[in-house]
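Each remark here refers to the structure printed beneath this line.
The structure displayed is predicted, hence computed values, not measured ones.
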Protein chains: 2
Amino acid sequence: MDIGKTKRTSPSTTARGHATRLRIVQAAAELVAARGVDATTLEDVMQASRTSKSQIYHYFADKEALMCAVVKAQSDRVLELQSGCLSGVRSLEGLRQWRNEVVSLSRARHGVGGCPIGSLASALADRSEDARALLVASFRRWESQLARSLEQMQARGALRPSARPGDLATAVVSALQGGLLLAQTTRSTRPLELALDMALAYVAAHSTEDLPTGVAS
Amino acid sequence: MDIGKTKRTSPSTTARGHATRLRIVQAAAELVAARGVDATTLEDVMQASRTSKSQIYHYFADKEALMCAVVKAQSDRVLELQSGCLSGVRSLEGLRQWRNEVVSLSRARHGVGGCPIGSLASALADRSEDARALLVASFRRWESQLARSLEQMQARGALRPSARPGDLATAVVSALQGGLLLAQTTRSTRPLELALDMALAYVAAHSTEDLPTGVAS
DNA sequence: CCAAAACTGGACTGTCAAGTCCAATCGTGC
DNA sequence: GCACGATTGGACTTGACAGTCCAGTTTTGG
């Protein structure tokens with residue numbers, strides 16, 4: 001059975017080695033988020049993490065394996081960031097706050113970089129089966145987090161019984177990804193705002209609260 | 001003033017030259033759609049288009065200029081494809097047909113490749129200002145096409161006067177892009193279907209027709 | 001027909017980046 | 001302190017790919 005590029009090159013690791021590995025992955029994650037997968041060379045990573053080539057190849061079989069580690073790291077980072085405002089969502093109002101947070105983050109960077117996970121997905125999904133599997137898991141975790149919040153709303157009667165939290169979550173994440181891609185391209189938050197307002201309205205349409213149709217703009 | 005990478009290397013072109021240029025761009029567009037920008041080398045393009053290096057550099061200043069031409073070509077191709085079922089949209093039912101078309105196309109490729117324009121956007125938006133400008137224009141044309149149909153619906157009273165066709169179009173395209181990205185990653189049409197159903201429901205929410213809330217699945 | 005310009009073939013260069021290798025050092029258990 | 005594996009430095013190899021160059025061919029315009 002294929003273990004996948006996730007496997008360590010070395011089986012055991014000391015504390016120092018673990019720290020080195022961490023430095024490598026974090027530096028790589030930052031560079032990749034800023035420049036993209038292909039524009040990031042191992043030399044860049046070496047320099048940014050103050051390591052040597054043998055260190056990188058001691059911990060990763062090849063660049064693909066390193067990129068898989070980057071996917072994991074970015075997923076953890078984004079998920080943790082999101083869990084702050086996303087799993088805290090208890091109402092439509094909470095969702096709107098999350099929307100505003102996301103828009104603010106995008107505005108701060110003028111859309112540049114887009115979504116760290118989305119960019120990785122576009123760059124790796126068709127090129128590395130291992131990375132793709134990790135990205136699928138990442139999106140699933142993301143959706144689950146949102147779905148749990150929606151389920152709780154449903155349990156409290158805020159969402160109709162007919163609503164499907166899992167499907168809603170997938171739709172919301174899609175809108176987010178699409179909005180971020182357009183925001184990255186146009187360097188404007190407007191598409192992101194419109195996409196998320198649509199998503200909010202969609203959730204609202206499944207709620208028992210009454211919201212005016214024109215949530216947007 | 002900057003003319004941008006769009007400019008020809010040569011000012012005038014004969015019929016034969018024009019044909020050669022076309023062969024190059026089309027071959028490049030296909031390869032890029034299949035493998036991505038970075039995984040497509042000029043050697044690949046030469047082979048696929050049966051041309052030589054000097055021919056490529058006769059018509060394009062560098063690879064970036066060629067990629068800009070690819071963006072234009074893909075935009076035209078996709079827009080023309082979409083205009084068939086998109087500008088023909090006269091009602092919510094027409095939109096639903098469009099949705100089904102898009103899902104079918106994605107299913108046929110198991111999501112691989114995602115959206116040709118979306119992939120180009122993710123790969124080039126932060127790397128080439130010229131390409132980004134073309135991509136912005138491409139998305140704008142796409143949205144305009146959809147917006148025009150929505151405006152006509154509005155003129156016929158099918159959409160409420162308060163609805164904003166332009167904003168709706170942007171939201172729909174965002175949902176499409178996000179759905180295609182997730183479909184590409186998960187190799188499933190499900191996220192795309194959910195995203196587009198959300199978009200349809202959003203448009204329906206601004207219509208005067210009455211649609212059941214649970215359009216989705 | 002004849003120049004000039006458009007076009008083409010294909011070898012060549014320079015660079016850069018992934019991956020290899022080995023010797024040296026560090027750290028831990030015994 | 002010793003052995004052994006983990007760790008590290010950094011030079012080296014290999015291959016690939018963007019871009020250059022020039023000589024040759026075709027086409028155009030007059």
**Salt-bridge contact E129(A)-R132(A) (side-chain N to carboxylate O under 4.0 Å)** = yes

**Message:** So, OP1 or OP2 of dT7(D): does either fall under 4.0 Å of a side-chain N or O from Q55(A)?
**Reply:** no

**Item:** Separation of atom CE in M46(B) from atom P in dT8(C), rounded to whole Å
**Value:** 13 Å

**Message:** What is the separation between atom CZ on F60(B) and atom C1' on dC7(C), rounded to the nearest whole Å?
**Reply:** 14 Å

**Message:** Counting primed atoms plus P, OP1 and OP2 as sugar-phosphate and everything else as base, spell out the protein contacts along nucleotides 19-27 of chain D at 4.0 Å heavy-atom distance: B, S or - for each nucleotide, 5' to 3'.
**Reply:** BB-----SS

**Prompt:** H58(A) side chain: which of dT7(D), dA18(C), dG9(D) is closest?
**Reply:** dT7(D)

**Prompt:** Taking atom CD of E151(B) as the centre, does the number of heavy atoms from other residues, nucleotides or ligands within less than 6.0 Å exceed 12?
**Reply:** yes

**Message:** Run the salt bridge (Lys or Arg N to Asp or Glu O under 4.0 Å) test against E80(B) and tell me which residues pass, sequence neighbours left out.
**Reply:** none

**Message:** I'd like to know if R35(A) and D44(A) make a salt bridge, using a cut-off of under 4.0 Å between side-chain N and carboxylate O.
**Reply:** yes

**D38(A) and R127(B) ion-paired at < 4.0 Å** = no

**Message:** Without decimals, in angstroms, what is the distance between D44(A) CG and dC16(C) P?
**Reply:** 12 Å

**Prompt:** Checking all strands, does S52(B) fall into the base, sugar-phosphate, or nothing category for heavy-atom contacts under 4.0 angstrom?
**Reply:** base

**Asked** Over how many whole Å does the gap from Y59(A) atom OH to dG5(D) atom C1' extend?
**Response** 12 Å

**Message:** Tell me the interatomic distance from H18(A), atom NE2, to dG27(C), atom C1', rounded to whole angstroms.
**Reply:** 18 Å

**Message:** Let me spell it out: for each of T40(B) and A15(B), pick the nucleotide of DNA chain D with the closest heavy atom. Which residue's pick is nearer the 5' end?
**Reply:** T40(B)

**Request:** Whole angstrom is fine here: how far is it from CG in D38(B) over to C1' in dA18(C)?
**Result:** 15 Å

**Request:** Measure the distance from CZ on R50(A) to P on dT7(D) and round it to the nearest whole Å.
**Result:** 17 Å

**Request:** Please say whether more than 12 non-hydrogen atoms of neighbouring residues, nucleotides or ligands are located less than 6.0 Å from CZ in R109(B).
**Result:** no

**Spacing between R21(A) atom CZ and dA6(D) atom C1', to the nearest angstrom** = 15 Å

**Request:** Kindly indicate whether the side chain of K53(B), heavy atoms from C-beta on, has any atom under 4.5 Å from the side chain of E43(B).
**Result:** yes

